[in-house]
Novice: 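Quick one: structure below, then a few questions.
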Amino acid sequence: MIITGKSNQVAAIDLADGKSVHKATKRVLIGPKQGAENFVMRLFTVEEGGHSALHSHPWEHEVFIVRGAGTVKSAGRETDVSEGDFVYVPPLEKHQFLNSGTGPFEFICIVPASGTG
């Protein structure tokens with residue numbers, strides 16, 4: 001069965017922890033609840049001045065920038081990205097997403113289902 005939905009009708013999970021994550025939310029658009037067994041599609045929103053944690057893990061990311069402008073930090077490198085760009089983050093690569101623009105920075109991130117814990 002094909003499942004469709006509206007991203008703005010999916011509850012946003014506040015990721016801010018007062019330390020390593022600031023002004024960031026996540027919406028799980030497709031995952032186990034929709035019957036997806038292999039991958040999970042998430043929509044992240046990072047508000048002005050916000051960022052994700054600088055972290056690494058054993059799974060890869062496939063990222064598509066939906067709206068706004070940001071910077072991807074990795075291994076001593078910073079790359080500016082904006083709407084329509086894509087990013088591949090390999091396993092174990094230390095990385096961070098930062099909002100470097102005005103307004104929200106939104107990106108879709110797809111990871112293996114095993115990488116969502």
Side-chain angles (χ1 to χ4, degrees):
M1 171 175 66
I2 294 176
I3 297 173
T4 63
K6 303 276 187 196
S7 63
N8 63 358
Q9 294 176 355
V10 175
I13 301 163
D14 187 358
L15 301 174
D17 62 7
K19 298 174 189 168
S20 61
V21 180
H22 187 60
K23 296 184 177 183
T25 60
K26 168 178 77 172
R27 297 172 195 266
V28 178
L29 304 180
I30 300 171
K33 286 183 181 178
Q34 292 74 30
E37 297 178 7
N38 299 307
F39 298 97
V40 177
M41 177 188 290
R42 298 101 43 94
L43 175 64
F44 288 85
T45 303
V46 181
E47 299 298 336
E48 259 184 76
H51 55 81
S52 68
L54 180 61
H55 66 290
S56 65
H57 35 68
W59 54 86
E60 66 187 53
H61 287 276
E62 284 80 21
V63 176
F64 182 77
I65 310 305
V66 176
R67 177 167 64 145
T71 301
V72 180
K73 283 188 176 183
S74 67
R77 183 174 161 199
E78 293 187 11
T79 305
D80 293 330
V81 293
S82 60
E83 185 175 325
D85 291 344
F86 58 87
V87 179
Y88 171 70
V89 179
L92 303 175
E93 180 85 19
K94 195 168 249 190
H95 59 282
Q96 181 178 38
F97 289 84
L98 303 96
N99 183 328
S100 60
T102 57
F105 172 47
E106 289 188 325
F107 54 93
I108 290 174
C109 179
I110 299 171
V111 295
S114 62
T116 60

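Bear in mind the structure is a predicted one, so any value in this text is a computation, not a measurement. The figures that follow rest on heavy atoms only: side chains count, while hydrogens, waters and symmetry mates do not. Numbering starts at 1 and runs along the sequence shown.
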Novice: Looking at residues at least two apart in the chain, or sitting in another chain, which of them share a salt bridge (Lys or Arg N to Asp or Glu O under 4.0 Å) with K73?
Specialist: E78
Novice: Under a 3.5 Å distance rule, please check whether K23 uses its side chain to pair with a backbone N or O of H51 as donor and acceptor.
Specialist: no
Novice: Between E106 and T45, is there a side-chain donor-acceptor contact under 3.5 Å, judged purely by atom types and distance?
Specialist: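 Result is yes, a qualifying pair exists.
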Novice: Which pair of heavy atoms, one from P112 and one from E60, lies closest together, and at what distance?
Specialist: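 Between these two residues, the closest heavy atoms are CD-O, 3.6 Å.
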Novice: Check whether Q9 reaches the backbone of K6 with its side chain - one donor and one acceptor, N or O, closer than 3.5 Å.
Specialist: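 Not confirmed, Q9 side chain does not pair with K6 backbone.
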Novice: Between R42 (side chain) and R27 (backbone), is there a donor-acceptor pair under 3.5 Å?
Specialist: no
Novice: Looking at every heavy atom in both V21 and A53, which two are closest together, and how far apart are they?
Specialist: CG2-N, 3.6 Å
Novice: Is the closest side-chain heavy-atom distance between V111 and C109 below 4.5 Å?
Specialist: yes
Novice: Which heavy atom of A24 sits nearest to which heavy atom of D14, and what is that distance?
Specialist: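 Here A24 and D14 meet closest at O-OD1, 3.5 Å.
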Novice: Measure across V40 and G31 and return the closest heavy-atom pair with its distance rounded to 0.1 Å.
Specialist: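 Looking at all heavy atoms of both residues, the closest pair is CG2-CA, 4.2 Å.
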Novice: Please report the shortest heavy-atom distance between P58 and P91, naming the atom on each side.
Specialist: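 Closest approach of P58 to P91, heavy atoms only: O-CB, 3.4 Å.
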Novice: Of the options T25, L15, I108, V63, which is the one that meets F44 in a side-chain contact (heavy atoms from CB on, under 4.5 Å)?
Specialist: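 Filter result, single survivor: L15.
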Novice: Mind checking whether I30 and V28 sit in one hydrophobic cluster, side chains of I, L, V, M, F, W, Y counted as touching below 4.5 Å?
Specialist: no
Novice: Using modelled atom types only, decide if a donor and an acceptor are shared between the side chain of N99 and the backbone of G70 within a distance under 3.5 Å.
Specialist: no
Novice: Can we call the ring centroids of F107 and F105 under 6.0 Å apart?
Specialist: yes
